[in-house]
2 protein chains.
Amino acid sequence: MNTPAQASHDDSYASEHDHKKCVSEALGTAEHLCVVRGVQLTPIRHQVLELIWENHKAVKAYELLDRLKPQMDAAKPATIYRALDFLIEQGLIHRVESLNAFVGCRCSAHQHEQLLLICNNCQEVEERSAPEVMQALSQEIKQADFIVHSKALEIHGICVKCAQTMAGEQH
Amino acid sequence: MNTPAQASHDDSYASEHDHKKCVSEALGTAEHLCVVRGVQLTPIRHQVLELIWENHKAVKAYELLDRLKPQMDAAKPATIYRALDFLIEQGLIHRVESLNAFVGCRCSAHQHEQLLLICNNCQEVEERSAPEVMQALSQEIKQADFIVHSKALEIHGICVKCAQTMAGEQH
DNA sequence: AGTTAAGTGTTATATTATAACATTCGTCTT
DNA sequence: AAGACGAATGTTATAATATAACACTTAACT
Ligand SMILES: [Zn+2]
Ligand SMILES: [Zn+2]
Ligand SMILES: [Zn+2]
Ligand SMILES: [Zn+2]
């Protein structure tokens, strides 16, 4: 009937925020946008989006496949990749190029290209719209006479929570 | 539909600049840096670096392998990946995350993290140090309390030469 | 009914990357 | 000289990521 064990375990981010709200907002926005756009958020696509939103970590396609199989025995790589293609096209998830992985997008309704801060320790991804960076980038690209199709702006490192945890453990 | 209308000769960039100079500078710098650092630019590593520098396009690992085989029949995937790992560690090449490909670095001796402008038409990659972008990025990352390990800043689109070619062909 | 387009099922394969262990070779030690 | 070592490479196998190709279903439209 429901899924009680969602935000209770090792999810560090979830321990500090109301992740159910993240999920319901993301799914609600996705459903709304798909209706408005006249595209189909089919059961498979919806399930994959939910799986991606289990947490804020970047997740691999084959890990999603493993997570989907219990609910859908017929799931194959194409099942996942087709759903991912759709979700990316609709701007509902980000592909994290430097990890070959995927993460839910919190800004589906607005501009989609964001700066991604990717923690090498916990795999969580923080999106930032970083307007000053984007402004400087526009200038730079204009100077280069380059016609932009898409941007991948990915920073790897240690997020603030992991940094605190590590500091507390003092090596 | 329209045909892709690629640049007819393989080396559009080279037709407009002295590419031999690019190569000799890149190899010279690499040799020098490796001596200074006390690391070995072995024959295999040197050959792979030369192959990467055949042009300014992002090149795939298995394409390099194919190019290496005539010179080195024993070449296997590990041969290439080990050489690439070394060249990346030494900052002599960039890994283009969004293409799973590699390109020579023109700034080996200086800072290595650059903005990459990647042409979807000709695959050439332009590096730009983009100081204003980097400055804004530092600010943004600082605000996020994030500890940076590495950056992947990749813009896809159409380079100025391809744009001109396309415009000349009047679509 | 016939046609079409989107979505999915299914099988197979292509592409990218790493693991694991053996061998070679130069250098340092004894 | 013999042995030990570490770096690089040789070699085999496999893991991980992604796409191609074609069949089938469904719903909408003609
Ligand atoms: Zn959340
Ligand atoms: Zn973290
Ligand atoms: Zn050149
Ligand atoms: Zn181009």
Side-chain angles (χ1 to χ4, degrees), chain A residues 30-31 34-35 37-49 51-52 57-90 92-103 118 123 152 154, chain B residues 1 30-31 34-35 37-52 57-90 92-103 118 123 152 154:
Chain A
E31 288 157 11
C34 288
V35 169
R37 294 170 182 170
V39 296
Q40 299 181 54
L41 189 61
T42 62
I44 290 177
R45 292 166 176 176
H46 195 279
Q47 282 178 78
V48 171
L49 186 58
L51 289 173
I52 288 173
K57 300 180 198 297
V59 59
K60 301 277 193 168
Y62 277 74
E63 193 190 323
L64 284 173
L65 182 54
D66 289 341
R67 289 201 221 155
L68 183 59
K69 272 179 178 160
Q71 309 169 43
M72 222 200 140
D73 196 46
K76 300 275 187 325
T79 315
I80 286 290
Y81 280 105
R82 283 167 179 160
L84 291 171
D85 286 347
F86 172 85
L87 296 170
I88 289 168
E89 270 171 24
Q90 296 302 320
L92 302 173
I93 63 174
H94 293 285
R95 181 181 158 86
V96 184
E97 299 290 352
S98 52
L99 290 177
N100 296 328
F102 306 87
V103 71
I118 303 153
Q123 287 74 247
E154 306 181 356
Chain B
M1 283 311 233
E31 289 157 12
C34 288
V35 169
R37 293 171 182 169
V39 296
Q40 299 181 55
L41 189 60
T42 61
I44 291 178
R45 292 165 176 176
H46 196 279
Q47 281 178 78
V48 171
L49 186 58
E50 274 189 81
L51 289 173
I52 289 174
K57 299 180 197 299
V59 58
K60 302 278 193 166
Y62 277 75
E63 193 190 323
L64 284 173
L65 182 53
D66 290 341
R67 288 202 221 155
L68 183 59
K69 272 180 180 160
Q71 310 169 41
M72 222 201 140
D73 197 47
K76 301 276 187 325
T79 315
I80 286 290
Y81 280 104
R82 283 169 179 159
L84 291 171
D85 286 347
F86 172 85
L87 296 170
I88 289 168
E89 269 172 25
Q90 297 302 320
L92 302 174
I93 64 174
H94 292 286
R95 180 181 158 89
V96 184
E97 299 290 353
S98 52
L99 291 177
N100 296 329
F102 306 86
V103 71
I118 302 154
Q123 287 73 247
E154 305 181 358

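None of these values were measured; they are calculated from a predicted model. Order of the sequence lines sets the chain letters (A, B, ...), proteins ahead of strands, with each chain counted from 1.
- Contact between B/L99 and B/K60 at its shortest, heavy atoms only, is O-NZ, 2.7 Å.
- What separates CD1 of B/I80 from C1' of D/dA8 is a distance of 15 Å, to the nearest Å.
- Rounding to whole angstrom units, CZ of residue B/F86 and P of D/dA8 are separated by 7 Å.
- Remark: B/R95 pairs with B/E97 by the salt bridge (Lys or Arg N to Asp or Glu O under 4.0 Å) rule, at least two apart or across chains.
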Quick one: which protein N/O atoms are closer than 3.5 Å to N/O atoms of nucleotides 14-17 of chain D? Pair and distance per line, please.
{"from": "D/dT17", "atom 1": "OP1", "to": "A/K60", "atom 2": "NZ", "distance (Å)": "2.8"}

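- Considering every non-hydrogen atom in both A/L49 and A/A30, the closest pair reads CD2-CB, 3.5 Å.
- The nearest whole Å value for the distance from the NZ atom in B/K76 to the P atom in C/dA22 is 17 Å.
- Going from atom CG of B/L64 over to atom C1' of C/dA17 covers 14 Å, rounded to whole Å.
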Scan nucleotides 20-30 of chain D against the protein and return all N/O pairs shorter than 3.5 Å with their distances rounded to 0.1 Å.
{"from": "D/dA21", "atom 1": "N6", "to": "A/R82", "atom 2": "NH2", "distance (Å)": "3.3"}

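- Side-chain contact check for A/L41 versus A/F86: some heavy-atom pair is nearer than 4.5 Å.
- Distance A/R37 CZ to C/dA6 P: 17 Å, rounded to the nearest Å.
- In this structure, A/A61 and A/I80 approach most closely via the heavy-atom pair O-CG2, 3.7 Å.
- Taking 4.5 Å as the limit, some side-chain heavy atom of A/L84 sits within range of a side-chain heavy atom of A/L64.
- Computed from coordinates, the A/L84 CG to D/dT19 C1' distance equals 13 Å when rounded to whole Å.
- The stretch residues 41-48 of chain B has no heavy atom under 4.0 Å from DNA chain C, so no residue of it qualifies as close.
- Per the geometry, CD belonging to A/Q71 stands 15 Å off P belonging to C/dT8, to the nearest Å.
- Looking at every heavy atom in both residues, B/Q47 comes nearest to B/Q71 through OE1-OE1, 2.8 Å.
- Taking 4.5 Å as the limit, every side-chain heavy atom of B/I93 sits out of range of all side-chain heavy atoms of B/V48.
- Side-chain proximity of B/M72 to the nucleotides D/dT19, D/dT11, D/dG10 is greatest for D/dG10.
- Note: CG (B/D66) to P (C/dT16) measures 11 Å, nearest angstrom.
- Residues A/L51 and A/V59 form no side-chain contact, since every pair of their non-hydrogen atoms from C-beta on lies 4.5 Å or further apart.
- The stretch residues 75-90 of chain A participates, sequence neighbours left out, in these side-chain hydrogen bond (donor to acceptor under 3.5 Å, both in side chains) pairs: A/R37-A/Q90.
- Contact check, B/Q40 against D/dA8: a side-chain N or O comes under 4.0 Å of OP1 or OP2.
- With sequence neighbours left out, the side chain to side chain contact (heavy atoms under 4.5 Å, CB included) criterion links A/V103 to A/H94, A/V96, A/V125.
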